[in-house]
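As a basis for the values below, the full set of heavy atoms in this structure was taken, side chains included, without hydrogen atoms, waters or symmetry mates.
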Amino acid sequence: MEVTRLVRCVAPTLATVLVVGETGTGKELVARAVHQLSRRGDGPYVRVNCGALNENLLESELFGHVKGAFTGAIENKTGRFEAAHGGTIFLDEISSMTPKLQVKLLRVLQENEFERVGDSRTIRVDVRVVAASNQLLEDEVEAGRFRDDLYYRLNVVPIYLPPLRERPEDILVLGRHFLKKHALVNNIALPEWTRGMEQVLLRHDWPGNVRELENYMARALVLCRGGELDPARITPPGRGERRFKPPAGARGRGDLASLARQMVRLGIETLPEGLLYERLVGDLERELIEQVLADCDQVQIKAAQRLGINRNTLHKKLTEQGKSPA
C-alpha cells in the first residue's frame, strides 16, 4: 500500500524516480505504473536493460549513432532517449552502467541534451527518467563504482520494493491471484485450494520473490489440474538466488520479522497451547549454539566470544540442553 501511495503521488509530477528492490519484486511494474498514471501516459514508454549490453553497444542504444561512426554503423540510428521524447524511459539495472556512460547520462538529466555517437549535432529531448537497481546505489557510490552526483540526480523520489519474505501476509493472497490468472489464461479448471499448499507457500522464503511465486503457481496449476493442490505432486520452490541488502534503517529487521512471523504461525499450528515461547525460542537458541560451536571447532571460549556471552553462561546452557560441556 505504501508503494502504491508513492506511485500515485509521484506519477503526475516530472520527478525522476529510482526503484530499488530484489529481482522479481516488480520494479518494471512500478515503472509502467508511473508512466501510465502521468501526463505522459499517451506518450512513448521505452525500456532499456543497461546490464544486457557492453559499453559501446549501450551508448549507441541510448543515444543513437550516425553512419560510419564505427565499424558496422551502415546507417543512422535513433537512440532510445530520442525515441522516448515526450514520454518515459525506464533504465533497468542502472548500477551496471560504466563510468563513461554515467557521465553522459548525468548530462542528459541535467541539460536534456546529448549527441549521437560520431555526431557533433546536439539533440534536445523531453524525457522522464525512471531508473531501477537490484543493488543499493549508496553502496555502489561508497565502493567507487557509481558517481555520487548521478546518484543524487536519480534518487529524487526513491521507491523501495520489499522482498516477499518481508511481507508474508501477501503470499497467500498473491498465490490465489496467480492461480486464478493462469487458470483463466490456460482455460483449466481451478484446482481446490488446500491447507498443505498454504503451509508450503508460507514456509518458503521466496528468493525469486513475486516472479518465483507466480511461476510456482503456474506449475502447480499444470501438475494438479482437475484435482486439489497437492504439494507432493509439485516440484518444490527453488532456492539459491543471491540475497539483497535492504536500505539503511531496514537492514536485518525485515528478515528477522519475517522469520519470527513464520515461526509463530507454524508454532501455533503445531504446538500445544502454552509451549510456543519455550519450544520456539529454545529450539532456535539450541540450533544457534550448535552451529557456532561447529564453526569454532567446538572451542567454547571462541564460541562464547562469537555469541557475545560469558563462557560460564555457555557452559550452563549446554548443561541445560543435556550436553556434556568439554
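- Shown here are the ring-ring contact (aromatic ring centres under 6.0 Å, His included) partners of Phe178, two or more places apart in sequence or in another chain: there are none.
- Here ring-ring contact (aromatic ring centres under 6.0 Å, His included) pairs that include residues 8-57, with residues two or more places apart or in two chains, are His35-Tyr45.
- Classification of Glu113 and Arg121 as a salt-bridged pair fails, no side-chain N sitting under 4.0 Å from a carboxylate O.
- Residue pairs satisfying the ring-ring contact (aromatic ring centres under 6.0 Å, His included) criterion with at least one member in residues 117-139, sequence neighbours excluded, are absent.
- Between the side chains of Asn134 and Glu22, no donor-acceptor pair is found at a separation under 3.5 Å.
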Practice task
Given salt bridge (Lys or Arg N to Asp or Glu O under 4.0 Å), test Asp126 with Arg40 step by step and report yes or no.
Solution key: CA-CA 11 Å; Asp126 174 19; Arg40 300 167 177 262; 2.6 Å; yes
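- Remark: Gln291 engages Glu287 in a side-chain hydrogen bond (donor to acceptor under 3.5 Å, both in side chains) (not counting sequence neighbours).
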Exercise for the section: Begin from the C-alpha positions of Glu55 and Thr98 and carry the test side chain to side chain donor-acceptor pair (under 3.5 Å) through to its verdict. Expected result: CA-CA 7 Å; Glu55 180 182 86; Thr98 64; 2.7 Å; yes
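- Residues Ala304 and Leu314 come closest through the heavy atom pair N-CD2, 3.9 Å.
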Run the side-chain donor-acceptor check on residues 2-11: report pairs under 3.5 Å with partners two or more places apart or on a different chain.
residue: Glu2; atom: OE1; partner: Arg5; partner atom: NE; Å: 3.3
residue: Glu2; atom: OE2; partner: Arg5; partner atom: NH2; Å: 2.9

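- Every pair passing side chain to side chain donor-acceptor pair (under 3.5 Å) that includes a residue from residues 57-68 is listed here, sequence neighbours excluded: Glu59-Lys100, Glu59-Lys104, Ser60-His65, Glu61-Lys77, Glu61-Arg80.
- In summary, the side chains of Trp193 and Glu198 do present a donor paired with an acceptor at a separation below 3.5 Å, with no hydrogens or angles considered.
- With 3.5 Å as the limit, one finds no donor-acceptor pair spanning the side chains of Glu214 and His177.
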Handout entry: Derivation of the salt bridge (Lys or Arg N to Asp or Glu O under 4.0 Å) call for Arg167 and Asp170
Key = CA-CA 6 Å; Arg167 47 190 181 103; Asp170 291 348; 2.9 Å; yes
